[in-house]
2 protein chains.
Amino acid sequence: MAAPVRQRLLTSTIDLLRRHGVHGTGIADVLRESGVARQSIYHHFPDGKDELVAAATQAAGEHVRRVAQGGHVDALLAWWERTLIEHDYDIGCPVAAAALAGPDCPASTRAAREVFATWREDLASALRLDGVADPELLAGVLVSAFEGAIMQARVERSVTPLRDVAIVMGRLIVPE
Amino acid sequence: MAAPVRQRLLTSTIDLLRRHGVHGTGIADVLRESGVARQSIYHHFPDGKDELVAAATQAAGEHVRRVAQGGHVDALLAWWERTLIEHDYDIGCPVAAAALAGPDCPASTRAAREVFATWREDLASALRLDGVADPELLAGVLVSAFEGAIMQARVERSVTPLRDVAIVMGRLIVPE
DNA sequence: CCTCCCCTAGACCGAACGGTCTATATTGGC
DNA sequence: GCCAATATAGACCGTTCGGTCTAGGGGAGG
């Protein structure tokens, strides 16, 4: 009962987005998992589901950002490996879920775009500090490769796709 | 009226999967877009939506496979660029949609896994023929990077993520 | 005190969901 | 001629959907 209502809503929504995607997650599911009253959703997120999903996407993006403190690729990799195994490969990336929601959820799409941009900027800064060539280019490809690897890892039920990305990208991330 | 019913069902389902994902696509939508009778779905796909989506995923995977005849990365890139622009960035990869559908759609998840495996094998064979080192490793990362780039390209409404993947991966795909 | 805000409880709405059912063509092969 | 397979049309089912509504509880600040 400790956590405030808004936070509980976001946490539950993120969890459900990772399992079932945007359209596979119902308001009733969020209510059940968070134990919050129906009306409270529309108090905190007047625009309804799309706004809730967009806010959850932003929050999830911030969380991952803190995990990869300073853009350390190895920390990101380790965290995703652990998370996938902990949840028995029954989850994906909530930002990917928002990105694939489609035109019915414009706010969610926008949120996904902004999170991806933030991730790229963080990674590019870290790469630049390490003296790596083409930091922006590599940062974008890193985000792409990570997102694809998470998707493959989920259906393969194996962390191999993630590790392979780390191996291959490691060859490119070298000081010039 | 030319195309047989089963084919029209698959074509329409693929199109809708790319726009709205698995849970965002309803049976009624498929019926409307394909102009097929409701009962015909359950004639060709007795297990209902999950089986239809799985079959559509397989068919889409085969189609992309033919596009990348022999595993030519450049052909794949050009096709995705053209497709995204043609549809004004309102589509994604249908296999990704199936991969993120979640545990309610076990057949679709299985289909996504098999398509990813086929793509990796095709790419690995092509890389091996070109005398590239670590063909399996690179093939897996290529699939990851492509899938992630398609996702980013969609929300960014730009082909830049795809081109960046091509540039960076081109540096790795060199004869040993 | 009263009022405003946050929160809960739960009924209620019309629409859409996936799936089943009956009934009626229209085929092509035996 | 007959039968099975394929197709169409459309009613119908119970459930769930996202969203709105009313009614009331409790705490903080005027």
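Values reported hereafter were calculated over all heavy atoms of this structure, with side chains retained and with hydrogens, waters and symmetry mates removed. Here is how names work: the chains are called A, B, and so on, in the same order as the sequence lines, proteins then strands, and each is numbered from 1. Keep in mind that what you see is a predicted model, and the values were worked out from it rather than measured.
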Task: Atom-pair distance (CZ on A:Phe45; P on D:dG19), nearest Å - done: 13 Å
Open item on the list: In this structure, how many angstroms lie between the C1' atom of C:dG18 and the NE2 atom of A:His23, rounded?
Closed with: 17 Å
TODO: Give the rounded distance in Å between these two atoms: CD1 of A:Ile41 and C1' of D:dC17.
DONE: 13 Å
- [ ] Examine A:Trp79 together with A:His63 and report whether their ring centres are nearer than 6.0 Å.
- [x] yes
Task: Interatomic distance, A:Lys49 NZ vs C:dA16 P [rounded to whole Å] - done: 15 Å
Task: Salt-bridge criterion met for B:Arg8 and B:Glu33 (N-O under 4.0 Å) - done: no
Task: Value rounded to 0.5 Å, distance of CG in A:Leu172 from CG in B:Leu172 - done: 4.0 Å
Task: Connected-component partners of B:Val53 among ILVMFWY, side-chain separation under 4.5 Å - done: B:Leu17, B:Val22
TODO: Could you tell me the separation between the CG atom of A:Leu31 and the C1' atom of D:dC17, rounded to a whole number of Å?
DONE: 12 Å
TODO: Check whether the side chains of B:Arg113 and A:Gln152 place a donor and an acceptor atom closer than 3.5 Å, and report yes or no.
DONE: no
Open item on the list: With a 3.5 Å distance limit and no angle check, can you tell me whether B:Ser40 reaches the backbone of B:Val36 through a side-chain donor-acceptor pair?
Closed with: no
Open item on the list: Each nucleotide in nucleotides 7-15 of chain D should get exactly one letter: B, S or -. Can you fill that in based on protein heavy atoms under 4.0 Å?
Closed with: SB--B----
